[in-house]
Amino acid sequence: MNTPRGRIAFAVCGSFCTLATATAQAGRLVRQGWELLPVMSFAASRLDTRFGTAAEWKARLEELTGNPVLDTLQAVEPLGPKGLAEALVIAPCTGTTLARLAVGLSDTPVTLAAKSLLRVGCPVLIAVSTNDGLGASGENIARLRQRKHYYFVPYGQDDPAAKPQSLKADFALLPAALEAALAGRQIQPLLRERIGA
């Protein structure tokens, strides 16, 4: 393990098919020396799917990070005001969460974590994973791209033939995107031709 680098809130949403990829990147950040405070959306913390149960994902995040999962509004609200984290990573970020962020709703643990950190000028890094990124969610991505302190992990189409509206972050670029966001920069190029599964 490297020298401690700081503390990051790491939020997961209900894009269940990408939770394994996202948690692998969380592990990579931990190995790079980051302390992670895991945050789970209501969907991720309550729904069981063919990709695993909510309890399994929660246990995996807690084991990986060594910290309890923050999955209530009360748990995430102090993140910014008390200086508990330097940034928020939302990986995966669903279309639903993108929509909530774009209109300023802070009614879930993930969106309130974003509001809490944005209010003190911390970056929010989004790793998109949505089947309608080139549809309804495209408008919300565009809105957030224009706002201060929002950054994106580079993304592209993961399966243009079978899912022509889908966008997925290149999760392998998450650590580099985080470094750039902490320095106030958007990692480039943002758009990738195609993202592997």
Side-chain angles (χ1 to χ4, degrees), residues 4-30 34-130 137 140 143-144 147 149-153 169 171 174 178 181-182:
R5 301 182 68 185
R7 187 181 302 129
I8 302 297
F10 191 96
V12 299
C13 298
S15 178
F16 301 102
C17 62
T18 54
L19 285 178
T21 304
T23 55
Q25 292 307 312
R28 190 171 161 202
L29 291 173
V30 168
W34 293 102
E35 179 183 357
L36 299 187
L37 301 176
V39 177
M40 292 181 82
S41 70
F42 288 139
S45 67
R46 296 177 183 169
L47 298 177
D48 297 339
T49 71
R50 63 187 171 103
F51 299 102
T53 68
E56 290 167 345
W57 286 114
K58 183 174 184 177
R60 185 179 299 183
L61 281 167
E62 290 181 340
E63 180 181 355
L64 182 71
T65 65
N67 285 310
V69 165
L70 308 175
D71 58 4
T72 66
L73 299 176
Q74 295 82 356
V76 300
E77 192 280 328
L79 287 173
K82 292 193 175 180
L84 301 177
E86 297 171 47
L88 171 66
V89 173
I90 307 174
C93 185
T94 61
T96 301
T97 297
L98 285 168
R100 283 184 150 83
L101 291 170
V103 297
L105 291 177
S106 52
D107 58 348
T108 72
V110 174
T111 58
L112 184 56
K115 178 182 179 181
S116 177
L117 287 160
L118 286 167
R119 72 189 262 198
V120 295
C122 293
V124 173
L125 177 64
I126 296 173
V128 171
S129 183
T130 177
S137 289
N140 296 321
R143 284 182 180 173
L144 294 174
R147 294 195 188 151
H149 303 303
Y150 277 102
Y151 302 90
F152 285 80
V153 175
F171 283 86
L174 195 152
L178 175 60
L182 287 165

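These numbers come from the heavy atoms of this one structure, side chains and all, not from hydrogens, waters or symmetry mates.
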What do the steps show when you test N67 against E35 for side-chain hydrogen bond (donor to acceptor under 3.5 Å, both in side chains), and what is the final call? CA-CA 9 Å; N67 285 310; E35 179 183 357; 3.2 Å; yes
Could you walk me through whether I90 and C13 pass the side-chain contact (heavy atoms from CB on, under 4.5 Å) test, one step at a time? CA-CA 7 Å; I90 307 174; C13 298; 3.8 Å; yes
Does the pair I8 and L29 meet the rule for a side-chain contact (heavy atoms from CB on, under 4.5 Å), with working shown? CA-CA 9 Å; I8 302 297; L29 291 173; 5.6 Å; no
Does the side-chain contact (heavy atoms from CB on, under 4.5 Å) test come out yes or no for E63 and R60, once each step is laid out? CA-CA 5 Å; E63 180 181 355; R60 185 179 299 183; 5.9 Å; no
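Looking at K58 and S45, their side chains never come closer than 4.5 Å, going by heavy atoms from C-beta outward. In this structure, V69 and V39 have side chains that are not in contact, with every pair of non-hydrogen atoms separated by 4.5 Å or more. Contact check for M40 versus V110: no side-chain heavy atoms found under the 4.5 Å cut-off. For the pair L125/Y150, no side-chain contact is recorded, criterion being any heavy-atom separation below 4.5 Å from C-beta on. At least one side-chain heavy atom of R100 sits under 4.5 Å from a side-chain heavy atom of T96. For the pair L37/T65, no side-chain contact is recorded, criterion being any heavy-atom separation below 4.5 Å from C-beta on. Between Y151 and V124, every side-chain heavy-atom pair lies at or beyond the 4.5 Å cut-off. Within the 4.5 Å cutoff, side-chain heavy atoms of L101 are placed close to those of I126.
Residues F42 and T108 approach most closely at CE1-CA, 3.8 Å, considering heavy atoms. Nearest heavy-atom pair across A127 and F171 is CB-CE2, 3.8 Å. The two residues P109 and L73 make their nearest non-hydrogen contact at N-CD2, 3.7 Å. Of all heavy-atom pairs spanning F10 and A91, the tightest one is CE2-O, 3.7 Å. Annotation for L19 and P92: closest pair CD2-CD, 3.8 Å, computed over non-hydrogen atoms. When every heavy atom of N140 is checked against every heavy atom of A102, the shortest pair comes out as OD1-CB, 3.4 Å.
Remark: T130 pairs with L98, V128, D132, S137 by the side-chain contact (heavy atoms from CB on, under 4.5 Å) rule, at least two apart or across chains. Residues meeting the side chain to side chain donor-acceptor pair (under 3.5 Å) test with S41, sequence neighbours left out: none.
Under the 3.5 Å distance criterion, with hydrogens and angles disregarded, no donor-acceptor pair is assigned to the side chains of T21 and T18.
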Enumerate, atom names and distances included, each donor-acceptor pair closer than 3.5 Å involving a side-chain atom of residues 75-89, sequence neighbours excluded.
| from | atom 1 | to | atom 2 | distance (Å) |
| --- | --- | --- | --- | --- |
| E77 | OE2 | R119 | NH1 | 3.3 |
| E86 | OE2 | R7 | N | 3.2 |

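Here R46 does not pair with D71 in a salt bridge; the nearest charged N to carboxylate O distance is not below 4.0 Å.
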